[in-house]
Structures are given as C-alpha cells and as structure tokens.
S.K.: 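Take this structure first; my questions come after.
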Amino acid sequence: MRLTKEEKAARRAAFQALTPAKKAEHVYLYYKWYILLGIIALVILGSVVQRELTKKEPVVYMAFANVAVGEELETALTADYLVYAGLNAKKQEVYLYKDLYLSDEATFDNNGYAYASRMKLMGAVSAQKMDLVLMNREAYDLLSGGGYLLALDTALPHLTENTVILSDNSLDYTLGEAEEHIVETKTEGNAVEVTDLSFFANAEFPERVYLGVIANTPRLAAAEKYMEYLY
C-alpha cells in the first residue's frame, strides 16, 4: 500500500528523532540484505579489477615433460629471459606447465597422473597455448611419434632425429579389421639436445634432456628467440 505524503513526512520525522545508534539499527534491520548484496558486488568487482590489472600476457608457453628444474634454473628460464628479451616483467611472463609426466609404461600408482598430464598437454596444444617443451628421452619419443614436434632447421647445433608416426592401423588390427599391423614412419630432426649447453651446466639432470618446438605454435618467432637465448 502506498503511503500518503503526510505519512511519509511523519516517518521521516520519526527517523530523524532517533539516536544515531537507533538509526543504524533501523537501517540494518530493514536494509541488511541490500547492504550485504552491495558489499558482495563490490568485493567481486574489486577482485575482477585487481585480476585484470595484475594479469600478465604470456610471451611464450613452455612445458616440462618428465623433467624437474630447481628454483634457480626456473628463474633463469623465466624472469631472466624477460630481461634478455627487453620485456616488461610486470606485464609479461614465460608461462610454464610444470611436472607433466608422459609414459607408455606408467604403473598402477601413477597411471592416473600420466593420463591427466597427457590430457593437459593435448588441451594446451589444441588451444595453441604451448610453444616449447623440455623433456627427457621417453617424453621426446612419445611426442615425436605423436607428431607434436616441429621439424627444426638442420643447421641447429645438437639437432636430434627421431621417429614420427605417419599412420598406424593398430586399432583396426586389434579389432580384426586388418590382416597385418602396419606402421608408416619417417625420421625427422625435431629436437635439440640441451644437456651439455652451458645454460644447463648446474642442472644435474639424471639423463639426457631435449628441447622441442610444438608443431602448431602460433608464436614461432618467440620460440626461436627463446632458443637463441638458451644458446
């Protein structure tokens, strides 16, 4: 029911006559949900604004597959590269996918982790948000065989060749739809062995380590500049 002008005036006068404490109690009692909703909206808006203001643009995406690096080397691979490239560390970053585990011989205990890592890698590659991968030999064999790696310039030092699977009828063969298991392959130079580069001299990797470029990277120039930095 709408109030008359006289009733509104009477209520305003009554409110003005209240003590400050009573006024606050009155406002809270009748408007608390509006106040709470307003506070929640301000908090969400503040979070969104802060995230946008502090958000960094990845200049290159890099994955570590079956390779772990220490804090010092990680800094050299990220913050130090930005300095080398003359980039703004407050607005740009080297984005890392750490602790990926790729294996065709995963045990029962780590099989789920291997599957999750493969899904994460496939998702990043599909979204074109992976440019470089630092990997051990097992991960290198898997990524090369799957066609994930770009063929590199044959003049690159420490260039390494590996097998790329062009076609494989294993599923048809398993289902009995093919009489013979046929795998068509080719050999391609698609990674560089970086274990002995001075950049990694103190890394103490337990095995040989390779660096490859993801085949569908839209940031090839950035990947090449990053490899230049490592050399």
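Because the structure is predicted, anything quoted here is derived from the model rather than measured. Every heavy atom of this structure was used, including side-chain atoms; hydrogens, water molecules and symmetry mates were not. Start at 1 with the first residue, then count along the sequence.
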S.K.: Could you work out, with side-chain contact (heavy atoms from CB on, under 4.5 Å) as the rule, every residue matching E177, not counting sequence neighbours?
M.R.: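 side-chain contact (heavy atoms from CB on, under 4.5 Å) check on E177 returns D172, L175.
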
S.K.: Taking only residues two or more places apart in sequence, or in another chain, which ones meet T163 in a side-chain contact (heavy atoms from CB on, under 4.5 Å)?
M.R.: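 side-chain contact (heavy atoms from CB on, under 4.5 Å) list for T163, sorted by chain: T185.
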
S.K.: Could you measure the distance from the CG atom of D153 to the CE atom of M227? Nearest 0.5 Å is fine.
M.R.: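 Here the interatomic distance stands at 9.5 Å.
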
S.K.: For the hydrophobic clusters of this structure (ILVMFWY residues joined by side-chain heavy atoms under 4.5 Å, transitively), does one cluster hold both M119 and L100?
M.R.: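 The answer is yes; both residues are in one hydrophobic cluster.
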
S.K.: Is the number of heavy atoms from other residues, nucleotides or ligands within 6.0 Å of CD (E204) greater than 12?
M.R.: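 No - once you tally the heavy atoms of other residues, nucleotides and ligands closer than 6.0 Å, there are 12 at most.
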
S.K.: What's the shortest heavy-atom distance between A89 and K56, and which atoms?
M.R.: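 That would be O-NZ, 3.1 Å.
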
S.K.: Do V209 and N136 pass the side chain to side chain contact (heavy atoms under 4.5 Å, CB included) test, and can you show the C-alpha distance, the side-chain angles, and the key distance before you say yes or no?
M.R.: CA-CA 5 Å; V209 175; N136 72 348; 5.6 Å; no

S.K.: Test your reading of the model: is there a side-chain donor-acceptor pair from E228 to the backbone of E224, 3.5 Å cut-off?
M.R.: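 Such a contact is absent between E228 side chain and E224 backbone.
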
S.K.: Can you name the residues that form a ring-ring contact (aromatic ring centres under 6.0 Å, His included) with H181, not counting sequence neighbours?
M.R.: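 With neighbours one apart ignored, the set is Y173.
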
S.K.: Of all residues at least two apart in sequence or in a different chain, which pass the salt bridge (Lys or Arg N to Asp or Glu O under 4.0 Å) check with K98?
M.R.: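 Applying salt bridge (Lys or Arg N to Asp or Glu O under 4.0 Å) to K98 gives E74.
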
S.K.: Under a 4.0 Å N-O cut-off, is there an ion pair linking K120 with D99?
M.R.: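 No, K120 and D99 are not salt-bridged.
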
S.K.: Are more than 12 heavy atoms from other residues, nucleotides or ligands located less than 6.0 Å from atom OH of Y95?
M.R.: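 No - once you tally the heavy atoms of other residues, nucleotides and ligands closer than 6.0 Å, there are 12 at most.
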
S.K.: In Å and rounded to the nearest 0.5 Å, what is the CG to NZ distance from L87 to K225?
M.R.: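 Reported to 0.5 Å precision, the distance equals 8.0 Å.
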
S.K.: Do you know which two heavy atoms are closest between V194 and F200, and how far apart they sit?
M.R.: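 Looks like O-CD1, 3.3 Å.
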
S.K.: Flag the pair V69 / F64 as yes when at least one side-chain heavy-atom distance between them is below 4.5 Å, and no otherwise.
M.R.: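 Yes, side chains in contact.
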
S.K.: If Ile, Leu, Val, Met, Phe, Trp and Tyr residues are connected whenever their side-chain heavy atoms lie under 4.5 Å apart, and connections chain through other members, are Y115 and Y113 in the same group?
M.R.: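 Result: no, two separate clusters.
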
S.K.: Can you sort out the partners of E193 under salt bridge (Lys or Arg N to Asp or Glu O under 4.0 Å), two or more places apart, ordered by chain and number?
M.R.: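 Here the qualifying residues are R208.
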
S.K.: If I take atom CD from residue E161 and atom CG from residue N190, how far apart are they, to the nearest 0.5 angstrom?
M.R.: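 Between E161 CD and N190 CG, I get 8.5 Å after rounding to 0.5 Å.
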
S.K.: So do L230 and L211 actually touch side chain to side chain, heavy atoms under 4.5 Å?
M.R.: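 A side-chain contact exists here, since the closest heavy-atom pair is under 4.5 Å.
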
S.K.: Rounded at 0.5 Å granularity, tell me how far CG in L159 sits from CD in E188.
M.R.: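 Going from CG on L159 over to CD on E188, the span is 10.0 Å.
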
S.K.: What residues, two or more places apart in sequence or in another chain, satisfy side chain to side chain donor-acceptor pair (under 3.5 Å) together with S126?
M.R.: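 Result, side chain to side chain donor-acceptor pair (under 3.5 Å) vs S126: none returned.
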
S.K.: Indicate if Y97 and Y101 have the same hydrophobic cluster label, given that clusters are the connected sets of ILVMFWY residues with side-chain heavy-atom separations under 4.5 angstrom.
M.R.: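 Not linked; separate clusters.
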
S.K.: Nearest 0.5 Å, what's the OG1-CG distance between T160 and L149?
M.R.: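 These two atoms lie 11.0 Å from each other.
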
S.K.: Is the shortest heavy-atom distance from the side chain of L73 to the side chain of F199 under 4.5 Å?
M.R.: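 Counting from C-beta outward, L73 and F199 do come under 4.5 Å.
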
S.K.: Begin from the C-alpha positions of E138 and S103 and carry the test side chain to side chain donor-acceptor pair (under 3.5 Å) through to its verdict.
M.R.: CA-CA 7 Å; E138 182 181 18; S103 177; 2.7 Å; yes

S.K.: Does N169 use its side chain to pair, donor to acceptor, with the backbone of E180 at less than 3.5 Å?
M.R.: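 Indeed, once roles are kept as given, a pair shorter than 3.5 Å links the two residues.
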
S.K.: Please tell me whether V133 and L197 are part of a single hydrophobic cluster in this structure, the criterion being side-chain heavy atoms less than 4.5 Å apart.
M.R.: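 Shared cluster, no.
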
S.K.: List, by chain and then residue number, the residues other than I165 in its hydrophobic cluster (Ile/Leu/Val/Met/Phe/Trp/Tyr, side-chain heavy atoms under 4.5 Å); write none if there are no others.
M.R.: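 Hydrophobic cluster check, I165: joined to V183.
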
S.K.: For residues V192 and P157, report the shortest heavy-atom separation together with the two atoms involved.
M.R.: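 What the structure gives for the nearest pair is CG1-O, 3.6 Å.
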
S.K.: Looking only at heavy atoms, what is the nearest atom pair of M62 and L134, with distance?
M.R.: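 Of all heavy-atom pairs spanning M62 and L134, the closest is CE-CB, 3.9 Å.
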
S.K.: Taking the side chain as every heavy atom from C-beta outward, state whether V164 and T187 have any atom pair closer than 4.5 Å.
M.R.: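 No; the side chains remain at least 4.5 Å from each other.
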
S.K.: Looking at residues at least two apart in the chain, or sitting in another chain, which of them share a ring-ring contact (aromatic ring centres under 6.0 Å, His included) with Y226?
M.R.: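 Testing Y226 for ring-ring contact (aromatic ring centres under 6.0 Å, His included), a comparison that skips the adjacent residues, returns Y81, Y229.
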
S.K.: Would you call L82 and V59 a side-chain contact if the rule is heavy atoms closer than 4.5 Å?
M.R.: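 Answer yes - side chains close enough.
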
S.K.: Taking the side chain as every heavy atom from C-beta outward, state whether L77 and V94 have any pair of such atoms under 4.5 Å apart.
M.R.: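 No - every pair of side-chain heavy atoms lies 4.5 Å or more apart.
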
S.K.: Side-chain contact, heavy-atom cut-off 4.5 Å: E57 with Q92?
M.R.: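 Sidechains of Q92 and E57: in contact.
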
S.K.: Run the side-chain donor-acceptor check on residues 213-222: report pairs under 3.5 Å with partners two or more places apart or on a different chain.
M.R.:
from	atom 1	to	atom 2	distance (Å)
N216	ND2	V125	O	2.8
T217	OG1	D131	OD1	2.7
T217	OG1	R219	N	2.9
R219	NE	D131	OD1	3.1
R219	NE	D131	OD2	3.0
R219	NH2	Q128	O	2.5
R219	NH2	D131	OD1	3.1

S.K.: Are more than 12 heavy atoms from other residues, nucleotides or ligands located less than 6.0 Å from atom CG of N202?
M.R.: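 Check fails, neighbour count at 12 or below.
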
S.K.: More than 12 foreign heavy atoms under 6.0 Å from OH of Y231: is that the case here?
M.R.: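 Yes, because the 6.0 Å sphere around OH of Y231 holds more than 12 heavy atoms from other groups.
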
S.K.: Out of curiosity, D141 CG to N162 CG, how far, rounded to the nearest 0.5 Å?
M.R.: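 It comes to 4.5 Å.
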
S.K.: Identify, with sequence neighbours excluded, every residue that meets side-chain contact (heavy atoms from CB on, under 4.5 Å) alongside A191.
M.R.: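 Expected list: M135, Y140, Y210.
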
S.K.: Report whether V60 and L156 are members of the same hydrophobic cluster (ILVMFWY, side-chain heavy atoms less than 4.5 Å apart, transitive linking).
M.R.: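 The answer is yes; both residues are in one hydrophobic cluster.
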
S.K.: Does E179 have any side-chain contact (heavy atoms from CB on, under 4.5 Å) partners at least two apart in sequence or in another chain, and if so, which?
M.R.: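 Scan of E179 (side-chain contact (heavy atoms from CB on, under 4.5 Å), adjacent residues dropped) gives none.
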
S.K.: Tell me every residue that passes ring-ring contact (aromatic ring centres under 6.0 Å, His included) with Y148, counting only those two or more places apart in sequence or in another chain.
M.R.: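 Scan of Y148 (ring-ring contact (aromatic ring centres under 6.0 Å, His included), adjacent residues dropped) gives none.
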
